[in-house]
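Step one of this worksheet: look at the structure below.
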Amino acid sequence: MNVLDGRKVANDLLDNLKNEVATLQSQSISPKLVVILVGNNPASLSYIKQKRKACEKTGILWEQINYEESVTNEELIEKIHELNKRNDIHGILVQLPLPDHIFAPDVIKAIDPKKDVDGFTAYNIGKMFLSTDFEDLPPCTPAGIIKMLDYYDIDVAGMDATIVGASNIVGKPLSTMLLNRGATPTTCHIRTKDLKAHTAQADLVCVAVGKRNLITADMVKENVILVDVGCNKDENGKLCGDADFKNIAKKARYITPVPGGVGPMTVACLMENTVKAAKKLHSS
Ligand code: NAP
């Protein structure tokens, strides 16, 4: 079977974290995550539900702060400053997207990098350029992809890796993390002239765009490793990725499904970052 089972890898990681949380609790350290939600975007509510469930599974404490759509930048930033000071809180997450009138970079910037368990602050992202030793709180989706590849003993060193999508939360940090591990990454985006030329020569293709069927079987080589981050709905309203899973699976060495691939790994890595942050905050 060439399908990388993100659900299984994530469950193993959550089981290990549960033990780690229990050990920390026996030392009077109770890892705690706070999630700020603005409005009631259905996708955000669904992501939050998954994160909450993972907290319950691992024993990480959960606090949710809800705001109406009309909240201001200043109100959010003031709340984050308050949470930064609280010793009982180790992770702060602002669920994205935020409404258009909120300038998300300013809100993210307010999070203390030590509590930035999403790994979105400039400090945590910037540090990753140095080497793997500085990936303390990496963004959860790229971290989840790396962890899944590690789990299946897939060594990316020396691989040509094409990343399709260049967002600050997935594509760009994933390129950096693959480079840190000895791959040769190429990052494609909307203005890339010939996408197929880049995907067809790659040993590893990671796609994070949000366009169904963007990557088709003719765009990848035999024995490719394909990681699909995309979240889309098919004509029946079912969740699907950015790649033509059915046809690519026939020629791929490995492929991740949607659902059940990168998604659960992202949530598990959020839990891991929260535990890491708790340990670091208590040791300093
Ligand atoms: P994003 O911020 O919208 O970025 C999309 C990227 O794709 C941009 O860099 C864009 O290029 C590029 N792009 C758009 N059309 C393209 C095309 N035709 N060819 C090549 N590149 C193209 O999205 P994101 O936040 O990274 O998320 C991407 C997808 O992954 C979404 O479906 C999202 O829901 C999903 N996601 C899943 C998880 C998970 O845990 N499973 C986590 C995060 C995101 P420009 O920058 O030039 O516009």
Side-chain angles (χ1 to χ4, degrees), residues 3-7 9-11 13-14 35 41-54 93-98 100 103-105 108 117-120 125 138-149 161-178 185-200 202 205-216 218-220 226-234 237-245 255-273:
V3 176
L4 301 180
D5 187 347
R7 242 177 230 135
V9 186
N11 281 334
L13 180 57
L14 293 178
V35 173
N41 173 326
S44 294
L45 289 172
S46 152
Y47 291 136
I48 284 193
K49 196 171 154 196
Q50 290 163 29
K51 290 166 189 175
R52 185 178 190 147
K53 264 170 84 177
L93 181 158
V94 178
Q95 185 63 48
L96 299 178
L98 290 169
D100 290 345
F103 187 58
I108 301 298
V117 286
D118 249 342
F120 290 170
I125 290 269
C140 302
T141 302
I145 293 169
I146 298 291
K147 218 165 245 305
M148 182 156 49
L149 295 173
T162 293
I163 298 101
V164 187
S167 69
N168 288 337
I169 63 168
V170 188
K172 284 189 213 166
L174 179 59
S175 290
T176 302
M177 292 179 88
L178 290 170
T186 300
T187 311
C188 300
H189 45 82
I190 191 82
R191 298 177 73 179
T192 297
K193 266 193 283 183
D194 184 355
L195 182 60
K196 185 175 172 180
H198 295 288
T199 55
V205 174
C206 302
V207 55
V209 169
K211 287 188 182 157
R212 196 182 152 212
N213 280 330
L214 180 69
I215 307 297
T216 47
D218 61 307
M219 294 172 74
V220 296
L226 191 129
V227 174
D228 193 346
V229 182
C231 291
N232 311 293
K233 292 276 170 73
D234 70 10
K238 276 178 62 185
L239 192 61
C240 66
D242 289 345
D244 175 359
F245 179 87
I255 185 165
T256 65
V258 179
V262 176
M265 291 305 302
T266 299
V267 177
C269 283
L270 173 67
M271 300 301 119
E272 183 172 62
N273 277 353

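Remember, it's 1-based here, ligands and their atoms both numbered in the order they're listed. Only heavy atoms go into these numbers, but all of them, side chains included; no hydrogens, no water, no symmetry mates.
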Gly165 N/O under 3.5 Å from ligand 1 N/O: no
Atom 21 (N) of ligand 1 [closest protein heavy-atom partner, distance rounded to 0.1 Å]: His189 C, 3.2 Å
Within-shell test, Gly171 vs ligand 1, heavy atom, strictly < 4.0 Å: no
Geometric N/O contact Lys211 with ligand 1, under 3.5 angstrom: yes
Nearest-contact summary for atom 37 (C) of ligand 1 - protein heavy atom, Å: Val229 O, 3.1 Å
Atom 42 (C) of ligand 1 [closest protein heavy-atom partner, distance rounded to 0.1 Å]: Thr141 OG1, 3.2 Å
Side chain, backbone, both or neither: Asp242 near ligand 1, heavy atoms under 4.0 Å: neither
Any Ser44 side-chain heavy atom under 4.5 Å of Pro97 side chain: yes
Selection from Gly230, Cys231, Cys269 by shortest heavy-atom distance to atom 34 (O) of ligand 1: Cys231
Test of proximity, Ala166 against ligand 1: N or O pairs below 3.5 Å: yes
Leu214 heavy atom under 4.0 Å from ligand 1: yes
Option nearest atom 29 (C) of ligand 1 (shortest heavy-atom distance, choices Gly210, Gly6, Gly261): Gly210
Gly263: numbered ligand 1 atoms lying under 4.0 Å from its heavy atoms: 40 (O), 41 (N)
Location of contacts on Val164 toward ligand 1, heavy atoms closer than 4.0 Å: side chain
Nearest neighbour in protein (non-hydrogen) for atom 25 (O) of ligand 1: Ile169 CD1, 3.6 Å
Protein contact for atom 27 (O) of ligand 1 (heavy atom, distance under 4.0 Å): no
Ligand-residue contact atoms, ligand 1 with Val170, heavy atoms, under 4.0 Å: 26 (O), 43 (C)
Ile190 N/O under 3.5 Å from ligand 1 N/O: yes
Heavy-atom nearest neighbour in the protein, as seen from atom 14 (C) of ligand 1, with distance rounded to 0.1 Å: Val209 CG1, 3.5 Å
Any donor-acceptor N or O pair under 3.5 Å, side chains Thr162, Thr186: no
Any N or O of Ser167 closer than 3.5 Å to N or O of ligand 1: yes
Test of proximity, Arg191 against ligand 1: N or O pairs below 3.5 Å: no
Structural part of Thr266 in contact with ligand 1, heavy atom criterion under 4.0 angstrom: side chain
